[in-house]
Amino acid sequence: MVHITVIGSCSMDLVVTAERRPLAGETVIGNSFQTVPGGKGANQAVAAARLGAEVTMVGRVGDDVYGEKILENLRKNGVNIQFMMPVANCASGTAHITLAEGDNSIIFVKGANDFVTPEYLEKTEEAVTSTDIVLIQQEIPVKTVEYAAELCSRHRIPLLLNPAPARSVSGELIGRAAFITPNEHECDVLFNGMPRSEALKQFPNKLIITEGKNGARFFNGSREIVVPAFPVEAVDTTGAGDTFNAAFAVAVAEGKKMEEALRFANRAASLSVTKFGAQGGMPFREELEKHR
Ligand code: ADP
């Protein structure tokens, strides 16, 4: 069994559906309310665990009821939560989502995710130093991502940086990552609008651009290669990128070469969009093997 450490965010999504969203100062009656665990870190940890990896998550929850539910969900999915220390007198991360008029609007409150600091990583260092690969995203402070990259390079642990949500990052961070996996929009932000094929050429076998239903693209040192996604009836693409990243990390840790690892990631992510919800659609290993 391969071991993956995910350093990242977790949150509770509070989802309301209504005919329309309220104007400032107005109250409207909604149709339904649901709480769903999310956050890119937790999503990727759950996806990797379902794909058969031994997963340790490094993150923070608040000392509230959402924190308990977030931890319970991770535990239920087989994720090691030993390094998920609650922050006292702090709210867990929450995403306040309104689904109305055919679109969503979201207010994200970082809460305890802001306490995933470099100092916290120092305390949980063994989770980073004794693993096959570290998977990280950008819903935690930038300083922490940079420190994680430094730790990984010091201990020669490959780092997979999923640069989502989009922000520009230092050249040093890019240099230290083994793989970087932006979607098209994130790629444009990351490289300041540089043509994508130029960016790919600069980072052969490292930069992987995901392209939704078209799959993923990288430069292998001599030419661009597109690894296609699988044709499916897409129902909900929330969390597609999270499944892709988790599956790619599992495949790399298992020793698969680039193209084979990307096929595995595409297969998992394509399956995930056929069901509702970010975590709801994440496939288990057996389902994936069936669709070979
Ligand atoms: P993100 O979810 O981060 O925006 P993408 O939209 O690029 O990222 O999707 C990530 C991966 O999910 C793709 O590379 C592909 O494997 C899979 N995927 C996304 N949308 C579809 C789709 N409509 N059909 C099949 N696979 C999809």
Side-chain angles (χ1 to χ4, degrees), residues 6 8-9 11 13 36 38-48 50-51 95 97 103-104 106 108 135-140 145 160-169 177 179-191 196-197 199-200 205-220 224-252 256 258-285 287-292:
V6 178
S9 61
S11 62
D13 293 352
V36 196
K40 288 182 192 298
N43 285 348
Q44 295 184 14
V46 166
R50 289 193 188 165
L51 292 172
I97 305 176
D103 214 341
N104 59 20
I106 305 176
F108 182 69
L135 181 49
I136 200 164
Q137 323 74 28
Q138 302 195 134
E139 286 181 340
I140 54 174
V145 179
L160 166 42
L161 168 64
N162 175 216
R167 69 182 172 213
S168 63
V169 305
F179 303 101
I180 306 175
T181 53
N183 65 18
E184 293 161 287
H185 164 69
E186 288 150 6
C187 186
D188 294 344
V189 173
L190 199 60
F191 297 105
R196 290 180 201 136
S197 56
L200 284 169
N205 298 308
K206 173 192 283 218
L207 179 61
I208 296 158
I209 305 176
T210 63
E211 300 180 341
K213 65 177 174 2
N214 294 323
R217 184 187 297 266
F218 73 105
F219 182 75
N220 74 351
E224 259 181 43
I225 295 185
V226 177
V227 184
F230 289 72
V232 292
E233 188 84 38
V235 170
D236 181 3
T237 58
T238 319
D242 291 335
T243 307
F244 181 94
N245 279 280
F248 182 68
V250 171
V252 167
K256 292 185 170 62
M258 193 72 159
E259 279 188 65
E260 196 190 350
L262 290 175
R263 268 196 301 278
F264 185 85
N266 275 329
R267 196 157 64 229
S270 300
L271 271 179
S272 80
V273 306
T274 63
K275 289 188 194 150
F276 277 104
Q279 294 186 12
M282 287 169 176
F284 288 82
R285 187 69 177 235
E287 280 172 84
L288 213 62
E289 305 294 346
K290 261 198 311 215
H291 285 83
R292 284 179 78 88

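Keep in mind that this is a model prediction, so the values were computed, not measured. Order of listing sets the numbers, starting from 1, for every ligand and every atom in it.
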Contact check, side chains of [X] and [Y], non-hydrogen atoms, under 4.5 Å:
X      : Y      : value
Met258 : Asn220 : no
Val232 : Leu271 : no
Lys256 : Val250 : no
Asn205 : Phe219 : no

Counting from 1, what ligand 1 atoms have a heavy atom of [X] closer than 4.0 Å?
X      : value
Val232 : 24 (N), 25 (C)
Ala269 : 11 (C), 12 (O), 16 (O), 17 (C)
Phe230 : 25 (C)
Ala234 : 23 (N)

Which bit of [X] is near ligand 1, meaning a heavy atom under 4.0 Å away: side chain, backbone, both or neither?
X      : result
Asn266 : both
Ser270 : both
Glu186 : neither
Asn183 : side chain

May I ask you to decide if [Y]'s main-chain N or O and [X]'s side chain share a donor-acceptor pair within less than 3.5 Å?
X      : Y      : answer
Ser11  : Gly39  : yes
Lys206 : Ala177 : yes
Ser270 : Arg267 : no

Handout entry: Verdict with supporting geometry, Arg196 and Glu211, salt bridge (charged side-chain N to carboxylate O under 4.0 Å, His left out)
Key = CA-CA 12 Å; Arg196 290 180 201 136; Glu211 300 180 341; 5.6 Å; no
Practice task
Return the residue, atom name and 0.1 Å-rounded distance of the protein heavy atom closest to atom 27 (C) of ligand 1.
Solution key: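 Protein heavy atom at minimum distance: Gly212 O, 3.8 Å.
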Problem - Nearest-neighbour protein heavy atom for atom 8 (O) of ligand 1, which is reported as residue plus atom name and distance - result: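 Answer for atom 8 (O) of ligand 1: Thr210 OG1, 3.6 Å.
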Problem - Best match, Arg217, Lys213, Glu211: closest heavy atom to atom 22 (C) of ligand 1 - result: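 The option holding the nearest heavy atom is Lys213.
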Handout entry: Heavy-atom pair with the smallest gap, counting every atom of Phe264 and Ala251
Key =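 Closest heavy-atom pair between Phe264 and Ala251: CD2-CB, 3.8 Å.
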Exercise for the section: Before signing off on this row, confirm whether Gly215 and ligand 1 have an N or O atom pair separated by under 3.5 Å. Expected result: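 Yes, since at least one N or O of Gly215 sits under 3.5 Å from an N or O of ligand 1.
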Exercise for the section: Would you check the N or O atoms of Gly241, main chain and side chain alike, for any that come under 3.5 Å of an N or O of ligand 1? Expected result: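 There is such a contact, yes.
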